[in-house]
Amino acid sequence: MYDLNNLLPSLVQLGQWLREEAPQNDAVKRSAEAANGWFTAESIDLTLRSHGEALSEEGVTAWLHGRTRRQEGTKQVGMVLAGNLPLVGWNDIMCGVVAGHEVHAKLSKDDQVLPRWVWDQWTQLEPSLVGRVTFHDGLMKGMDAMVATGGANTSRYFHAYFGHLPHVIRGQRTSVALLDGEESDEELRALGHDVFAHFGMGCRSVTKLCVPQGFDLDRCFGQWLEWGHLAQHSKYANNYDYHKAVWLLNREPLVENGFLLVKEDEGLFSPIGTLFVERHDSCATAIERLAQRESEIQVAVVREGSPWSAVAAEAGLRCVSPGAGQRPSLMDFADGVDTLDFLLGL
């Protein structure tokens, strides 16, 4: 019988490498940034540390505990990976390999360097894995199952072409923060990481704040000054300037602090360089509204110890504490779907 735990030592070693050695490779980081200007050294280091922390011995042991492959035989699993963040598709590759399948991965043009680099390191730690992942530039044929991630339009395309196969298809999601006004300055500062890390481009990035009536946004601005350097990044600055010009032309009421535009809006998906805010009379009302759009929300940031965390969870929202948005564990499944469990059942 296939034993998943055989890979546990190499996964733990890979985690240590990601935490300690990988961030020192400036040449690889420069190569990744040259291919995608959003992949700054800071953003890549954050990703490497996050994956490395997830692959601790404790984390990997808990992730693999009690799992077995429910069908015999190796399947050909196709994967279409996103590229909005560094290594955003790595967990899918890892799940496919751990489940014992042959992985055929089509990398995003925006993230070609890092997944190949990390895969090469894993095969050095565990040579028996050589040949288990094939990277494709074009279409993949003869697949037994698919895992694909894309935006709203591409997810419809994926369903049309891969819907007849066993599949996990993810669409566009974002994250929100639910404030009750009792947040400490430290919690608001940690929330800044959820808003600004990776330029706010991830599905776990907070693009919407739900705040009480009368909440002073200056409390947030005061704790977010450390992110002012984003205004020096040309791509981010271009987005900021563009949306500021459009909103001013449309006479939209907005607040700005030089590196963030804030507008009261019922939408969830604020553009890069901006943040939507919606005020509520009670957290219960805000949770009810958010629950109606649960399929568009990856996580909800709620202060630790808040009584509203349990209420939000009961409403179907996946809650994390401030600062934890971009540090998912192996048990934090994208869209709430356990990808490894899906692959083990093929």
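One is the number of the first residue; the rest follow in order along the sequence.
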Considering residues, nucleotides and ligands other than [X], do more than 12 of their heavy atoms fall under 6.0 Å from its [atom1]?
X	atom1	answer
E266	CD	no
E252	CD	yes
R251	CZ	no
E57	CD	no
R318	CZ	yes
Y242	OH	no

Are [X] and [Y] close enough that some pair of their side-chain heavy atoms sits under 4.5 Å apart?
X	Y	result
L248	L254	yes
R49	L18	no
F276	T207	no
W122	V118	no
T149	V80	no
F342	L340	no
V211	L178	no
L209	F215	no

task: Would you check, one step at a time, whether the test side-chain contact (heavy atoms from CB on, under 4.5 Å) holds for I169 with V147?
output: CA-CA 6 Å; I169 295 176; V147 177; over 6 Å; no
Distance (rounded to the nearest 0.5 Å) between [X] [atom1] and [Y] [atom2]:
X	Y	atom1	atom2	value
L8	W63	CG	CH2	10.0 Å
C203	N84	SG	CG	7.0 Å
L230	K235	CG	NZ	14.5 Å
L85	D111	CG	CG	9.0 Å

Spell out, as yes or no, whether a donor-acceptor pair under 3.5 Å connects the side chain of [X] to the backbone of [Y].
X	Y	answer
R173	I297	yes
E187	S184	yes
D241	N238	no
T123	P127	no
Q24	E20	yes
Q298	D335	yes
N257	L260	yes
H233	G37	yes

message: Does K244 form a salt bridge (charged side-chain N to carboxylate O under 4.0 Å, His left out) with E256? I'd like the steps, not just the answer.
response: CA-CA 9 Å; K244 179 179 178 179; E256 62 171 319; 3.0 Å; yes
- request: Could you give me the CA-CA distance, side-chain angles and deciding distance for H198 and L46, then say whether side-chain contact (heavy atoms from CB on, under 4.5 Å) is met?
  value: CA-CA 8 Å; H198 301 303; L46 171 60; 3.4 Å; yes
task: Could you walk me through whether S205 and S175 pass the side chain to side chain donor-acceptor pair (under 3.5 Å) test, one step at a time?
output: CA-CA 6 Å; S205 298; S175 294; over 6 Å; no
Can [X] and [Y] be counted as having a side-chain donor-acceptor contact under 3.5 angstrom?
X	Y	answer
Q124	D120	yes
Q223	R219	no
E126	S128	yes
D194	Q326	no
S43	W38	no
T285	S282	yes

message: Between E53 and R19, does any NZ, NE, NH1 or NH2 come within less than 4.0 Å of an OD or OE carboxylate oxygen?
response: no
Kindly assign one of parallel, tilted or perpendicular to the pair [X] and [Y], based on the angle between their ring planes and the thresholds 30° and 60°.
X	Y	result
F162	F158	parallel
W227	F196	parallel
H159	H167	perpendicular
W247	H243	tilted

message: Assess the residue pair E278 and R289 against the criterion (salt bridge (charged side-chain N to carboxylate O under 4.0 Å, His left out)); give the C-alpha distance rounded to whole Å, side-chain angles, the decisive distance to 0.1 Å, and a yes or no.
response: CA-CA 11 Å; E278 187 171 350; R289 291 176 182 171; 2.9 Å; yes
query: After noting the C-alpha distance and the side-chain angles of F39 and V113, does the key distance pass the side-chain contact (heavy atoms from CB on, under 4.5 Å) rule?
result: CA-CA 11 Å; F39 287 9; V113 175; over 6 Å; no
Identify each donor-acceptor pair in which a side-chain atom of residues 86-101 lies under 3.5 Å from a protein atom, sequence neighbours left out, and give them as a table.
unit_1: D92; atom_1: OD1; unit_2: R170; atom_2: NH2; d: 2.8
unit_1: D92; atom_1: OD2; unit_2: R170; atom_2: NH1; d: 2.9
unit_1: H101; atom_1: ND1; unit_2: K75; atom_2: N; d: 3.1
unit_1: H101; atom_1: NE2; unit_2: L343; atom_2: O; d: 2.7

- prompt: Of L346, V103, D144, which meets side chain to side chain contact (heavy atoms under 4.5 Å, CB included) against Q76?
  reply: D144
task: Among D338, N5, D341, find the residue that satisfies the side-chain hydrogen bond (donor to acceptor under 3.5 Å, both in side chains) test when tested with R67.
output: D338
Steps toward side-chain contact (heavy atoms from CB on, under 4.5 Å) verdict (E183, L191): CA-CA 10 Å; E183 290 76 18; L191 175 61; over 6 Å; no
message: Please tell me whether L81 and V77 are part of a single hydrophobic cluster in this structure, the criterion being side-chain heavy atoms less than 4.5 Å apart.
response: yes
message: Applying a strict under-4.5 Å side-chain criterion to I, L, V, M, F, W and Y, I'd like to know whether V176 and V277 cluster together.
response: no
- request: Could I get the full list of salt bridge (Lys or Arg N to Asp or Glu O under 4.0 Å) partners for D180, not counting sequence neighbours?
  value: R303
message: E226 vs R189, test: salt bridge (charged side-chain N to carboxylate O under 4.0 Å, His left out). Steps then yes/no.
response: CA-CA 9 Å; E226 64 184 299; R189 183 177 183 182; 2.8 Å; yes
- request: Applying salt bridge (charged side-chain N to carboxylate O under 4.0 Å, His left out), run through D45 and K29 and close with a yes or a no.
  value: CA-CA 9 Å; D45 284 346; K29 288 188 283 187; 2.9 Å; yes
- request: Run the ring-centre check on Y236 versus Y240 and record whether the distance is less than 6.0 Å.
  value: no
